[in-house]
Chemist: 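Encoded as structure tokens, here's the structure I'll be asking about.
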Amino acid sequence: MADSYKRRKGRCSIENHYYAVTICCISRRPLFTHFKNSHLIAQTLYEFSITQNLTTICYVVMPDHLHWIFKLTGSKPLSAVVGQFKSITTLKYNRLNQCNGAMWQANFYDHSIKSDDDLINQARYIVANPLRAKLVERVGDYPYWHCIYL
């Protein structure tokens with residue numbers, strides 16, 4: 001990944017801070033077009049938030065990537081949190097689909113949320129992602145999302 005250094009440059013982890021993260025499937029494969037796989041990611045987000053003491057604000061599971069906003073409440077660095085989530089979901093995905101190998105790209109995109117307005121705007125952007133991708137005509141028609149504000 002030629003630009004992975006550029007994405008890591010300036011990345012910092014601040015406890016009790018909000019982050020918007022995008023994690024893409026390897027080679028942008030549409031792994032989450034089937035209910036069982038999308039449900040697996042959504043269920044793992046819920047479980048992971050509890051076990052890692054994170055506050056998930058919103059997420060949307062798209063066919064080939066995940067958007068996720070959460071509050072980093074522990075002292076674990078952002079990269080470690082995302083890495084652990086990717087590892088857990090990969091193991092579960094491979095077990096469920098009786099396969100093996102990587103499912104996520106090596107890196108991820110992150111945005112440190114600067115204000116309450118930024119948090120709301122990021123959540124709106126994420127929730128509207130299936131509309132922009134023309135997967136549905138109304139947000140409520142897309143089954144693989146959640147937002148605490150709605």
Side-chain angles (χ1 to χ4, degrees), residues 1-33 37-96 102-133 135-136 138-150:
M1 210 176 257
D3 63 340
S4 63
Y5 171 75
K6 291 178 189 173
R7 275 189 250 138
R8 287 192 313 267
K9 187 178 179 182
R11 180 180 289 161
C12 63
S13 299
I14 303 169
E15 193 171 343
N16 294 315
H17 199 77
Y18 294 96
Y19 293 91
V21 172
T22 301
I23 310 170
C24 298
C25 294
I26 198 160
S27 302
R28 294 301 291 250
R29 292 187 329 221
L31 301 178
F32 310 128
T33 55
N37 295 333
S38 297
H39 179 73
L40 173 105
I41 299 302
Q43 182 67 32
T44 304
L45 278 167
Y46 174 75
E47 294 165 356
F48 192 78
S49 293
I50 293 169
T51 61
Q52 298 303 308
N53 197 28
L54 296 174
T55 304
T56 292
I57 303 303
C58 115
Y59 68 83
V60 64
V61 181
M62 297 295 287
D64 62 355
H65 64 282
L66 167 69
H67 291 287
W68 180 24
I69 297 178
F70 61 89
K71 184 177 183 181
L72 192 62
T73 54
S75 59
K76 194 180 291 187
L78 177 63
S79 293
V81 169
V82 173
Q84 187 176 9
F85 175 79
K86 287 165 53 172
S87 178
I88 289 168
T89 52
T90 298
L91 290 171
K92 288 183 174 187
Y93 177 89
N94 286 339
R95 192 175 314 126
L96 180 66
M103 67 181 273
W104 300 112
Q105 289 182 358
N107 214 326
F108 63 94
Y109 299 92
D110 67 283
H111 171 75
S112 175
I113 297 185
K114 310 282 190 263
S115 66
D116 289 343
D117 286 342
D118 190 18
L119 180 61
I120 298 295
N121 289 334
Q122 288 291 322
R124 286 180 180 150
Y125 175 84
I126 286 173
V127 168
N129 209 274
L131 291 173
R132 284 190 305 282
L135 297 175
V136 292
R138 294 177 340 154
V139 170
D141 293 339
Y142 194 73
Y144 313 121
W145 70 278
H146 177 73
C147 184
I148 64 170
Y149 297 125
L150 301 174

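Numbering starts at 1 and runs along the sequence shown. FYI, side chains are in, hydrogens and waters are out, and symmetry mates aren't considered; it's all heavy atoms of this structure.
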Chemist: Please name all residues satisfying side-chain contact (heavy atoms from CB on, under 4.5 Å) with I88, sequence neighbours left out, ordered by chain then number.
Modeler: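 For I88, the residues satisfying side-chain contact (heavy atoms from CB on, under 4.5 Å) (neighbours in sequence not counted) are T44, F48, Q84, K92.
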Chemist: Check whether any side-chain heavy atom of L78 lies under 4.5 Å from a side-chain heavy atom of F70, and answer yes or no.
Modeler: yes
Chemist: Got F85 and V21 here, is their nearest side-chain heavy-atom distance under 4.5 Å?
Modeler: no
Chemist: Closer than 3.5 angstrom, by distance alone: can the side chain of K86 be matched with the main-chain N or O of A106 as a donor-acceptor pair?
Modeler: yes
Chemist: Flag the pair P63 / L135 as yes when at least one side-chain heavy-atom distance between them is below 4.5 Å, and no otherwise.
Modeler: yes
Chemist: As an exercise, state the distance from CG of D116 to CG of N121, rounded to the nearest 0.5 Å.
Modeler: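 Result: 11.0 Å between the selected atoms.
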Chemist: To the nearest 0.5 Å, tell me how far E47 CD sits from L45 CG.
Modeler: 9.5 Å
Chemist: Once rounded to the nearest 0.5 Å, what's the spacing between atom CZ of R124 and atom SG of C58?
Modeler: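 If we round to the nearest 0.5 Å, R124:CZ and C58:SG are 11.5 Å apart.
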Chemist: Evaluate ring pair (Phe, Tyr, Trp, His ring centres under 6.0 Å) for Y19 paired with H17, printing each intermediate quantity in order.
Modeler: CA-CA 7 Å; Y19 293 91; H17 199 77; 5.3 Å; yes
Chemist: Can you label the angle between the F32 ring and the Y93 ring as parallel, tilted or perpendicular, going by 30° and 60°?
Modeler: perpendicular
Chemist: Checking H65 against T22 for the side chain to side chain donor-acceptor pair (under 3.5 Å) test, could you report, in this order, the C-alpha distance in whole Å, the side-chain angles of both residues, the deciding distance, and whether it holds?
Modeler: CA-CA 7 Å; H65 64 282; T22 301; over 6 Å; no
Chemist: More than 12 foreign heavy atoms under 6.0 Å from CG of D141: is that the case here?
Modeler: yes
Chemist: For a 4.5 angstrom cut-off between non-hydrogen side-chain atoms, does W104 reach V82?
Modeler: no
Chemist: Which atoms form the tightest heavy-atom contact between R29 and C25, and what is the distance?
Modeler: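 Taking R29 first and C25 second, the nearest heavy atoms are O-CB, 3.3 Å.
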Chemist: For the atom pair OG1 (T89) and CG (N94), what is the distance rounded to the nearest 0.5 Å?
Modeler: 9.5 Å
Chemist: Where do I41 and L31 land on the side-chain contact (heavy atoms from CB on, under 4.5 Å) test, with the steps shown first?
Modeler: CA-CA 11 Å; I41 299 302; L31 301 178; over 6 Å; no
Chemist: Which heavy atom of I69 sits nearest to which heavy atom of A123, and what is that distance?
Modeler: CD1-N, 3.5 Å
Chemist: Under the side-chain contact (heavy atoms from CB on, under 4.5 Å) criterion, do Q105 and I23 qualify, and how do the steps go?
Modeler: CA-CA 7 Å; Q105 289 182 358; I23 310 170; over 6 Å; no
Chemist: If you compare all heavy atoms of D118 against all heavy atoms of S112, which two are closest, and at what distance to 0.1 Å?
Modeler: OD2-O, 4.0 Å
Chemist: Look up atom CD in Q122 and atom CD1 in I120, then write down how far apart they are to the nearest 0.5 Å.
Modeler: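 Separation between the atoms: 11.0 Å.
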Chemist: For the residue pair P130 and Y144, establish whether any side-chain heavy-atom pair is separated by less than 4.5 Å.
Modeler: no
Chemist: Once the angle between the rings of Y125 and H67 is folded into 0 to 90°, is it parallel (under 30°), tilted (30 to 60°) or perpendicular (over 60°)?
Modeler: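 Y125 and H67: perpendicular rings.
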Chemist: Nearest 0.5 angstrom please: H146 NE2 to Y46 OH, how far?
Modeler: 10.0 Å
Chemist: Any side-chain heavy-atom pair from I57 and Y149 closer than 4.5 angstrom?
Modeler: yes
Chemist: Residues in salt bridge (charged side-chain N to carboxylate O under 4.0 Å, His left out) with E15, at least two apart?
Modeler: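 Not a single residue meets the salt bridge (charged side-chain N to carboxylate O under 4.0 Å, His left out) criterion with E15.
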Chemist: Would you please test V60 and L66 for side-chain contact (heavy atoms from CB on, under 4.5 Å) and show each step?
Modeler: CA-CA 6 Å; V60 64; L66 167 69; over 6 Å; no
Chemist: Take I14 and L72 through the test side-chain contact (heavy atoms from CB on, under 4.5 Å) and record every step on the way to the result.
Modeler: CA-CA 7 Å; I14 303 169; L72 192 62; over 6 Å; no
Chemist: Find out whether L131 and V139 are in side-chain contact, i.e. whether some heavy atom of one side chain is under 4.5 Å from a heavy atom of the other.
Modeler: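 Yes, side chains in contact.
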Chemist: Minimum heavy-atom separation for I148 to T56, with atom names?
Modeler: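 Looking at all heavy atoms of both residues, the closest pair is CG2-O, 3.7 Å.
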Chemist: Might you point out which heavy atoms bring V61 and Y142 nearest each other, and give the distance in Å?
Modeler: O-OH, 2.6 Å
Chemist: Is any side-chain heavy atom of H111 closer than 4.5 Å to a side-chain heavy atom of I113?
Modeler: yes
